[in-house]
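A short worksheet on the structure shown next.
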Amino acid sequence: MLFLSAVIHADTITLRGIGKSQPIRRLTIDKIDYLSATDLFAAVGAKTDWGEGHKALDVSLGNKRLSFEVARHLCKVEGNDYNLVHAPVLRNDEMYLPVQQSLFLLSDVLERVLVYDDDEAMITAVKEGFNVSGVNFLTKVNGDLLEINLTKKLDYEVFVSEGNWVNVTIHGGRVDVPRLTRRNPHEKIINVRAFQFDNSAQVSVQLRENVVEFHANYAPDPHRIQISVENTAFVSQAGDSTTLQRHDEYNPIDVIVIDPGHGGDRDGAVGKNGLKEKDVVLDIALRLETILEKSKRFTPVLTRREDKNVSLEERAQLANFARGDLFISFHANSSDQKSATGSQTFFLSPAKNDEARITALLENQDYQVDNPDPTDRNKKDLDFIIMDVLQTEYLNQSRQLAESIQQELANGLNVRSRGIDQAGFIVLNKVQMPSALVEVAFISNKVESRLLAQENFRQVAAEAVYNAIVRFADHYEKDKTSAGSQ
Ligand SMILES: [Zn+2]
């Protein structure tokens with residue numbers, strides 16, 4: 001019944017480079033490609049173990065284990081959770097997995113890189129030794145994005161040369177030249193060239209339109225260099241609604257990562273009434289998830305959905321893997337001064353006052369426990385590392401997000417508003433999207449810990465943050481439409 005209104009297309013594609021070439025059934029549902037789990041795992045020689053009428057699947061590949069469940073965004077690889085942006089679907093009693101992320105997970109397990117070519121209906125297992133595996137070009141509503149796929153993190157430089165060539169030098173790169181240059185990946189590209197040098201590789205892409213400005217960044221999971229491109233022709237032809245406003249925004253805001261702080265043996269702050277921060281924030285996160293799901297506009301992704309310990313790095317990794325558009329971490333504040341009260345929202349930037357610094361220290365404690373090494377750079381000088389990471393590029397958006405959230409909390413919650421502030425939160429430092437950390441209220445305060453224990457208060461908090469997400473996303477859409485006149 002999920003498919004009643006969906007546009008579905010079914011065909012088969014071929015896997016090359018592993019075992020015998022064999023067809024794999026493919027479904028395209030509302031432009032998202034899925035592969036038959038039966039066919040895919042048979043093709044790579046994995047053993048499958050089905051449960052619950054083909055709704056749950058355990059896969060063994062050599063000594064590696066993966067599990068998937070229909071309609072569940074969380075899958076497991078070697079006991080670790082991964083968030084799938086699109087959950088596996090059941091069609092004619094057959095489980096179908098979203099292509100891009102399942103191939104990425106499988107690549108990891110196979111230690112081969114599986115490259116998906118949707119136009120040619122082909123998956124190619126890239127020969128070992130190559131670490132520059134492909135070029136993608138994506139036209140997003142507000143800009144163009146060129147992606148160079150890597151099999152691991154490599155240093156790179158980007159320069160633009162005459163004739164609208166975008167050149168990417170990849171240090172230590174070993175490029176599969178025929179693969180990259182065989183086919184033009186996009187109508188906006190005139191030419192793709194690849195060169196192998198002794199210690200580096202170069203990928204050069206000639207664009208049809210004038211490159212006015214570009215912005216490069218590296219993204220993991222899967223590893224890739226992303227270059228967002230602003231070009232005059234695109235701006236003038238496309239009209240107001242699709243103009244590129246900012247080079248770091250190339251994605252509509254729909255995947256919302258919700259991060260309930262702490263969990264498992266990490267209680268977070270504990271109130272006089274025995275109320276634990278980890279339980280309060282999980283409940284608020286689950287409520288927000290429900291609201292976001294009902295809206296149909298957003299796809300919520302949670303960094304944890306149960307009472308368990310997830311490291312700060314894993315949370316960021318999950319968020320980046322899910323290619324989140326916003327990241328919101330939920331916490332409850334605590335202070336030695338029992339009179340301290342109020343809601344507050346933080347964004348990532350070096351702290352300007354001791355109060356904010358102390359809040360960040362409290363929230364970073366889980367990291368200290370996970371990483372006892374005192375020479376760890378994150379611990380030694382967080383303010384310093386904040387300045388050299390990607391988050392700085394999301395600074396304005398993060399501040400804006402924090403402002404929206406705090407305004408809505410001030411409107412909705414019956415506690416005083418402490419406004420917004422900035423500090424070095426490790427969990428925010430590692431996510432590659434605009435982010436904010438919400439301290440809903442003070443669990444150390446008697447009155448507020450009673451409020452935090454109330455379902456109604458938590459529901460209002462979740463609704464307030466939802467309103468802020470809608471406002472932020474609406475504002476962002478409006479920005480895009482007005483940017484053409486600048
Ligand atoms: Zn906390």
Side-chain angles (χ1 to χ4, degrees), residues 258-291 302-312 315 328-347 351 353-370 402 405-406 408-421 423-428 436-466 468:
I258 311 167
D259 175 48
H262 318 284
D265 60 349
R266 316 283 158 81
D267 288 341
V270 181
K272 259 261 162 65
N273 50 359
L275 189 67
K276 292 173 180 167
E277 179 186 355
K278 64 170 184 178
D279 298 325
V280 174
V281 294
L282 178 58
D283 185 62
I284 295 173
L286 290 168
R287 286 169 191 272
L288 178 56
E289 180 189 36
T290 306
I291 301 168
L302 267 67
T303 57
R304 69 175 177 97
R305 313 187 78 268
E306 50 207 87
D307 183 16
K308 67 168 193 179
N309 180 12
V310 181
S311 76
L312 298 183
R315 291 167 195 256
I328 299 170
S329 190
F330 279 101
H331 293 263
N333 216 336
S334 154
S335 171
D336 292 340
Q337 291 176 316
K338 300 296 173 206
S339 59
T341 57
S343 63
Q344 189 161 26
T345 307
F346 291 86
F347 60 97
N353 59 65
D354 282 344
E355 251 186 354
R357 201 167 282 123
I358 287 166
T359 304
L361 274 175
L362 273 175
E363 301 302 3
N364 290 340
Q365 256 171 18
D366 290 354
Y367 183 86
Q368 321 269 345
V369 179
D370 286 333
I405 291 174
Q406 191 53 39
E408 294 294 336
L409 290 176
N411 288 342
L413 292 180
N414 199 14
V415 300
R416 92 179 167 103
S417 169
R418 302 171 71 91
I420 63 167
D421 207 342
F425 295 94
I426 288 170
V427 70
L428 303 187
L437 185 142
V438 184
E439 299 281 0
V440 180
F442 275 78
I443 204 165
S444 54
N445 177 270
K446 219 160 109 188
V447 176
E448 291 196 353
S449 91
R450 261 193 231 130
L451 287 173
L452 285 166
Q454 290 172 10
E455 270 188 29
N456 182 52
F457 185 86
R458 298 173 181 185
Q459 183 65 24
V460 172
E463 279 164 12
V465 174
Y466 170 74

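Every heavy atom of this structure was used, including side-chain atoms; hydrogens, water molecules and symmetry mates were not.
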Does the side chain of [X] reach to within under 4.5 Å of the side chain of [Y], using non-hydrogen atoms?
X: Leu428; Y: Phe347; value: no
X: Val465; Y: Ile405; value: yes
X: Ile291; Y: Gln459; value: yes
X: Val447; Y: Thr341; value: no

Closest approach of [X] and [Y], non-hydrogen atoms and distance?
X: Ser343; Y: Val415; result: N-CG2, 3.9 Å
X: Ile258; Y: Ala285; result: CG2-CB, 3.6 Å
X: Ile420; Y: Ala402; result: CG2-O, 3.5 Å
X: Ser329; Y: Asp259; result: OG-OD2, 2.7 Å
X: Glu363; Y: Leu312; result: O-CD1, 4.3 Å
X: Ala360; Y: Ala423; result: CB-CB, 3.7 Å

Taking only residues two or more places apart in sequence, or in another chain, which ones meet [X] in a side-chain hydrogen bond (donor to acceptor under 3.5 Å, both in side chains)?
X: Glu355; answer: Arg418
X: Lys308; answer: Asp81
X: Asp421; answer: Asn353

Under 3.5 Å, side chain of [X] to main-chain N/O of [Y], donor-acceptor pair present?
X: Glu439; Y: Ser334; result: no
X: Glu408; Y: Ala468; result: no
X: Asp307; Y: Gly264; result: yes
X: Glu277; Y: Ala332; result: yes
X: Ser444; Y: Ser335; result: yes
X: Asn364; Y: Ile426; result: yes
X: Asn333; Y: Ala441; result: no
X: Glu448; Y: Gly342; result: yes

Worksheet item: In chain order, what residues pass the salt bridge (Lys or Arg N to Asp or Glu O under 4.0 Å) check against Asp366, with sequence neighbours excluded?
Response: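 If we apply the salt bridge (Lys or Arg N to Asp or Glu O under 4.0 Å) test to Asp366, skipping adjacent residues, there are no hits.
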Practice prompt. Sequence neighbours left out, what passes salt bridge (Lys or Arg N to Asp or Glu O under 4.0 Å) with Arg450? Give chain and number order.
Written response: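 Arg450 satisfies salt bridge (Lys or Arg N to Asp or Glu O under 4.0 Å) with no residue once adjacent residues are dropped.
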Review item, side-chain donor-acceptor pairs of residues 451-458, under 3.5 Å, at least two apart:
{"from": "Arg458", "atom 1": "NE", "to": "Leu452", "atom 2": "O", "distance (Å)": "2.7"}
{"from": "Arg458", "atom 1": "NH1", "to": "Asp283", "atom 2": "OD2", "distance (Å)": "3.2"}
{"from": "Arg458", "atom 1": "NH2", "to": "Leu452", "atom 2": "O", "distance (Å)": "3.2"}

Could you give the distance from [atom1] ([X]) to [atom2] ([Y]), rounded to the nearest 0.5 Å?
X: Asp279; Y: Ile284; atom1: CG; atom2: CD1; answer: 11.0 Å
X: Ser449; Y: Asn273; atom1: OG; atom2: CG; answer: 3.5 Å
X: Ile443; Y: Lys272; atom1: CD1; atom2: NZ; answer: 13.0 Å
X: Asn411; Y: Glu463; atom1: CG; atom2: CD; answer: 13.0 Å
X: Arg357; Y: Leu362; atom1: CZ; atom2: CG; answer: 14.0 Å

Worksheet item: Which residue, Gln365, His331, Lys278, Arg304, forms the side chain to side chain donor-acceptor pair (under 3.5 Å) with His262?
Response: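 Among Gln365, His331, Lys278, Arg304, the one that satisfies the side chain to side chain donor-acceptor pair (under 3.5 Å) with His262 is His331.
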Item to complete: Any chance you could lay out the side-chain contact (heavy atoms from CB on, under 4.5 Å) test for Leu413 and Val440, step after step, and finish with the verdict?
Response: CA-CA 9 Å; Leu413 292 180; Val440 180; 4.0 Å; yes
